[in-house]
Amino acid sequence: MASPKHTAFAAVVAFMLATTHAQLNPFYYALTCPLLPGIVLDVVSRALKTDDRAAAKLIRLHFHDCFVNGCDGSVLLEDAPGIDSELNAPPNDGIQGGDIVDNIKAETERFCPGVVSCADILAISSQISVFLSGGPIWVVPLGRKDSRIANRTGTSNLPGPSETLKGLKDKFGALGFDSTDLVALSGAHTFGKSRCMFFSGRFDNFNNTGRPDPTLDPAYREQLRQLCTTQQTRANFDPTTPTKFDKAYYSNLLNLKGLLQSDQELFSTPRADTTAIVKNFAANERAFFKQFVKSMIKMGNLKPPSGIRSEVRLNCRRVNAASGHDVM
């Protein structure tokens, strides 16, 4: 049974669905699956009780989905005849959260079978994950469909942990994002964890210099070194409030405590326009939240290429066997 707080939240979400954006519509499931916000809220809430990384897992799935062929649920597809899964690509190494998506999908199929797409589940679960972690709430445009194909080679569009600022700008810019979007969306690293293999190269022979990364605080570096007993060990992105969605990520960057090189690049790259944006968000959480919402909606509206067949998947891990839910 949902708590009064959750019931009120679901009611607020339903009430807020008051505008449309392009072909996506917040009212999309108002008649066909009105319980959707409550279903997602309940499943994500339960997941967070046993897994403090659940919220970060879900938003990472949404991010990695939208950056490859648009927001089409393709990141969830597993290997099958004709499907070369994106999950096998290096940028998705270790990506998790599929079990939470499965649980949400099972509930939506129980209450409104064949209606809610996996791509929309990723979008709304990301919103609810941020809210439950102390972040903002926003209207999620809905109506995405699930691709019947994966694009493993397209995962090269995903930014890597050792990306330079130029590389970050190129990859974000290719999808229509500007520097403000880049800094705001990177703020999702205010919660979650990363494996040592993605940042331990900063400890000593950074970029073959024979020295540590000069943009990594020495005391913090030694803390991380002691933590990283194996390359698979995980460290919090934010050492101060690791499970809370707040502006601490940006304050950490000011103090040279960005976990990944790609994080610290936003502040420490000389003469970069992103430096002022980081400072602004570090000083003004409201400004960060406002821009994060704007950029998340923008990301969520990335469309798949035209002509790709889509459907509402009955199982998020595989395409439907029959074509009854197949659409263009």
Heavy atoms, side chains only, cut-off 4.5 Å: are R317 and L77 in contact? no

Side-chain heavy-atom pair F289, F245 within 4.5 angstrom cut-off: yes

Taking atom types as modelled, find out whether T190 and D246 have a side-chain donor-acceptor pair closer than 3.5 angstrom. yes

Does K145 reach the main-chain N or O of A119 with its side chain, forming a donor-acceptor pair under 3.5 Å? no

Drop me the distance from I121's CD1 to H62's NE2, to the nearest 0.5 angstrom. 12.5 Å

Any idea which heavy atoms bring V75 and L87 closest together, and the distance? O-CD2, 3.1 Å

Side chains of Y29 and D120, donor plus acceptor under 3.5 Å: yes

Under 3.5 Å donor-acceptor, T155 side chain and P91 backbone: no

Consider only side-chain N and O atoms of S129 and S126, and report whether a donor and an acceptor are under 3.5 Å apart. no

Quiz question: by atom type and distance under 3.5 Å, do the side chains of T241 and D238 form a donor-acceptor pair? yes

Which heavy atom of E163 sits nearest to which heavy atom of L158, and what is that distance? OE1-O, 4.3 Å

Give me the atom names and distance for the closest heavy-atom approach of M197 to S200. CA-OG, 4.2 Å

What heavy-atom pair brings Q264 and G258 nearest, and what distance separates the two atoms? OE1-N, 2.9 Å

Taking all non-hydrogen atoms of both residues, which atom of V139 and which atom of I297 are closest, and how far apart? O-CD1, 3.7 Å

Answer yes if the ring centres of F288 and Y249 are under 6.0 angstrom apart, and no otherwise. no

Nearest 0.5 angstrom please: L266 CG to T274 OG1, how far? 5.5 Å

Quick check: does any side chain N or O of D79 sit under 3.5 Å from a backbone N or O of S85, one acting as donor and the other as acceptor? yes

Which residue is it: R202, Q261, R221? I am looking for the one with a side chain to side chain donor-acceptor pair (under 3.5 Å) to D213. R202

Applying salt bridge (charged side-chain N to carboxylate O under 4.0 Å, His left out) to D273 and K169, what does each step give before you reach the verdict? CA-CA 11 Å; D273 60 347; K169 285 190 170 189; 2.6 Å; yes

Side chains of F63 and P159: closer than 4.5 Å at any heavy-atom pair? yes

Please round to the nearest 0.5 Å and tell me the distance separating atom OG of S268 and atom CG of L165. 10.5 Å

Would you confirm whether the ring centroid of F67 sits within less than 6.0 angstrom of the ring centroid of F172? yes

Short side-chain donor-acceptor distance under 3.5 Å, D72 and S74: yes

Could you tell me if the side chain of P26 sits less than 4.5 Å from the side chain of W138, heavy atoms only? no

What distance separates D146 CG from I149 CD1, expressed to the nearest 0.5 Å? 12.5 Å

For a quick check under 3.5 Å, do N255 and D217 share a side-chain donor-acceptor pair by atom type? no

Heavy-atom side-chain contact between L256 and Y220 under 4.5 Å: no

Assess the side chains of T153 and N151: does a donor N or O sit below 3.5 Å from an acceptor N or O? yes

Using the rule given for side chain to side chain contact (heavy atoms under 4.5 Å, CB included), can you reason through E107 versus D42, listing the C-alpha separation, both sets of side-chain angles and the distance that settles it, and then say yes or no? CA-CA 10 Å; E107 289 298 290; D42 183 60; 5.7 Å; no

Reported CD-to-CZ distance for the pair Q231 and F199, which is rounded to 0.5 angstrom: 8.5 Å

Looking only at heavy atoms, the pair that brings F206 and P214 closest together is CD2-CD, 4.3 Å

Applying the side-chain contact (heavy atoms from CB on, under 4.5 Å) test to S125, which of V40, V140, V43 qualifies? V40

Just by distance, do the side chain of K298 and the backbone of G176 share a donor-acceptor pair under 3.5 Å? yes

Just wondering, do N252 and F237 contact through their side chains at under 4.5 Å, heavy atoms? no

Which atom pairs, donor and acceptor, lie under 3.5 Å between side-chain atoms of residues 277-287 and protein residues at least two apart or in another chain?
residue: N284; atom: OD1; partner: R286; partner atom: N; Å: 3.1
residue: N284; atom: OD1; partner: A287; partner atom: N; Å: 3.0
residue: E285; atom: OE2; partner: K247; partner atom: N; Å: 2.9

Side chains of R313 and L76: closer than 4.5 Å at any heavy-atom pair? yes

Please round to the nearest 0.5 Å and tell me the distance separating atom CG of D65 and atom OG of S147. 9.0 Å

Taking C-beta and beyond as the side chain, do T233 and R195 meet within less than 4.5 Å on heavy atoms? no

